[in-house]
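What follows is a short report on a single structure.
On a predicted model such as this, the values are computed, not experimentally measured, just so you know.
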Amino acid sequence: AAGSTGYVGLSAAKAGSLAGAVSVALASNTNGVTGLTGANLTTQSLTVTGAAYDFAGASLAAASLALGNIRVGATTNLAVTNTLAANGNAAFQDKLAVAATSANARLAFVNPADVAATASGNVGVTAAAAGSLAGTVNLALTSKALTGTGLADLSLAPQSFTVTGTAFDYANAVVDTSALSFGVLHVGATAVARTVSVENAVITAANRQDRLTAVGSSALAGLTSTTVTDLAAGSSQNLTITVDTATARSLAGNVSVALTSTNTVSGLDAKSLTAATVATTGLVYSGQSVWNTNGNGSWGTFA
């Protein structure tokens, strides 16, 4: 009406640049008054600046992640895609931020960097401890406004996926590396034995930890060792190191204990662990005195 103001509404119907000109067709409307004729007025125009942006979208590659039997520390990925909005423009769509959490403390996560429109990022799911990995992973999702737009971030509806599987530890060897002293032995004396304690110490759960095999060996002639085989987690056993006295010789040297985590419990890979070294001391002598001084001296009775 005369003396009033009306508005032409402009809406951003699609993401992208909004720069352009808008033509406004104008008409003088008689509003049905008899005998009057309406008339088209001069078209006017206005310029528009600005840009419209879509929020990020999110879709998961799968609704569940079956890990099976895996080792502690193993990581599996699940892809999350920033899906393009309908009739969208990737250059004008927010990035997607993903943050994973779970009530199962045996699961640990690596979140992807902010995901651009049409791209995918991986949520890394890691077995942080031995035991059941079953649980639900909750994904907090945020539409992250592009730098320089001045727009605000928006929390999107959360999504989730389920995880199944079991994690297993390798064996955990604890070897007593105290030096073994065989003393001074006469040739032909009864063989002498010493023991080395070997333990498969529990890390998290004994029933989710592989067994341990230990094999002792030495470059010294006449030293032999028993073997510890498939030692269960939480158990200990002794290696018996025996020295014969067939010939006179020094017993100074080392016993190397080779250690292997077997796959008896997990059915997964076996693993060679870091070997332990045990020093040995002693002497097998012929019955004659031993000159053990680098210099002058005198013979005495051997003790």
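Within the hydrophobic cluster formed by Ile, Leu, Val, Met, Phe, Trp and Tyr side chains joined at under 4.5 Å, directly or through other members, Leu84 stands alone, with no partner residue. Clustering of Ile, Leu, Val, Met, Phe, Trp and Tyr side chains at separations under 4.5 Å places Leu273 together with Val175, Leu180, Phe182, Leu185, Val187, Val192, Val196, Val198, Leu212, Leu220, Leu223, Val228, Leu231, Leu239, Ile241, Val243, Leu251, Val255, Val257, Leu259, Val278, Val284. The hydrophobic cluster around Leu268 extends to Phe168, Val265, counting ILVMFWY residues whose side-chain heavy atoms fall within less than 4.5 Å of a member. Cluster partners of Val215, using a side-chain heavy-atom cutoff of under 4.5 Å among ILVMFWY residues and allowing indirect links: none.
A perpendicular orientation is assigned to the rings of Tyr285 and His186, their planes being inclined by more than 60° (bins at 30° and 60°).
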Which pairs would a plain distance check flag for residues 151-162, meaning a side-chain donor or acceptor within less than 3.5 Å of a matching protein atom at least two apart in sequence or in another chain?
from: Asp153; atom 1: OD1; to: Ala145; atom 2: N; distance (Å): 2.9
from: Asp153; atom 1: OD2; to: Lys144; atom 2: NZ; distance (Å): 3.1
from: Gln159; atom 1: NE2; to: Ala58; atom 2: O; distance (Å): 3.0

Listing, residues 107-127 side-chain donor-acceptor contacts under 3.5 Å, not counting sequence neighbours, or none:
from: Asn111; atom 1: OD1; to: Ala100; atom 2: N; distance (Å): 2.9
from: Ser120; atom 1: OG; to: Thr81; atom 2: OG1; distance (Å): 2.6
from: Thr126; atom 1: OG1; to: Thr75; atom 2: OG1; distance (Å): 2.6

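Between Asp230 and Thr262, the side chains place a donor N or O and an acceptor N or O closer than 3.5 Å (distance only, hydrogens not considered). Counted by atom type alone, Ser197 and Asp176 present zero donor-acceptor pairs between their side chains at under 3.5 Å. There is no side-chain donor-acceptor pair under 3.5 Å between Thr227 and Thr229.
Under the 4.5 Å side-chain heavy-atom criterion for ILVMFWY residues, no single connected hydrophobic cluster contains both Leu36 and Leu26. In the hydrophobic cluster analysis, where Ile, Leu, Val, Met, Phe, Trp and Tyr join through side-chain heavy atoms closer than 4.5 angstrom, Leu41 is grouped apart from Val33. Note on Leu65: it clusters hydrophobically with Leu60, by side-chain heavy-atom contacts below 4.5 Å among ILVMFWY residues.
Of the possible polar contacts, one joining the Ser250 side chain to the Ala252 backbone as a donor-acceptor pair under 3.5 Å is found. Judged by distance alone, with hydrogens and angles left aside, the side-chain atoms of Asn82 form a donor-acceptor pair with the main-chain N or O of Gly57 at under 3.5 Å. Of the possible polar contacts, none joining the Glu199 side chain to the Asn172 backbone as a donor-acceptor pair under 3.5 Å is found. With hydrogens and angles disregarded, no donor-acceptor distance shorter than 3.5 Å links the side chain of Thr30 to the backbone of Gly38.
Using a 4.5 Å heavy-atom cutoff, the side chains of Leu67 and Val163 are in contact. You'll find the side chain of Gln209 reaches within 4.5 Å of the side chain of Asn200, heavy atoms only.
In terms of heavy atoms, Ser286 sits closest to Ala248 at N-CB, 4.0 Å. Annotation for Ala191 and Thr242: closest pair CB-CG2, 4.0 Å, computed over non-hydrogen atoms. For the residue pair Phe92 and Ala15, the shortest heavy atom distance occurs at O-CB, 3.8 Å. Residues Ala167 and Val72 approach most closely at CB-CG2, 4.1 Å, considering heavy atoms. Between Ser261 and Ala171 the shortest heavy-atom distance is OG-N, 2.8 Å. Heavy atoms only, all atoms of each residue included: Leu96 and Val80 are closest at CD2-CG1, 3.9 Å.
Judged as a salt bridge (Lys or Arg N to Asp or Glu O under 4.0 Å), the pairs with a partner in residues 236-246 (not counting sequence neighbours) are, in order, Asp244-Arg249.
Take Ala52 and apply the side chain to side chain contact (heavy atoms under 4.5 Å, CB included) test, not counting sequence neighbours, and it matches Ala12, Leu18. Partners of Asp269 by salt bridge (Lys or Arg N to Asp or Glu O under 4.0 Å), not counting sequence neighbours, listed by chain and number: Arg71. Contacts of Ala279 classified as side chain to side chain contact (heavy atoms under 4.5 Å, CB included), with partners at least two apart in sequence or in another chain: Ala179, Asn254. Legend: residues meeting side chain to side chain contact (heavy atoms under 4.5 Å, CB included) with Thr195, ordered by chain and number and at least two apart, are Asn238, Thr240. Asp169 pairs by the salt bridge (Lys or Arg N to Asp or Glu O under 4.0 Å) definition with nothing, not counting sequence neighbours.
Annotation: the span from Arg211 atom CZ to Ser235 atom OG amounts to 8.0 Å, rounded to 0.5 Å. Separation of atoms CD (Gln93) and CZ (Phe55) is listed at 10.5 Å; rounding is to 0.5 Å. Taken from CG in Asn89 to OH in Tyr53, the straight-line distance is 9.5 Å, to the nearest 0.5 Å.
A side-chain hydrogen bond (donor to acceptor under 3.5 Å, both in side chains) with Ser266 holds for exactly one of Thr166, Asn69, Asp210; it is Asp210.
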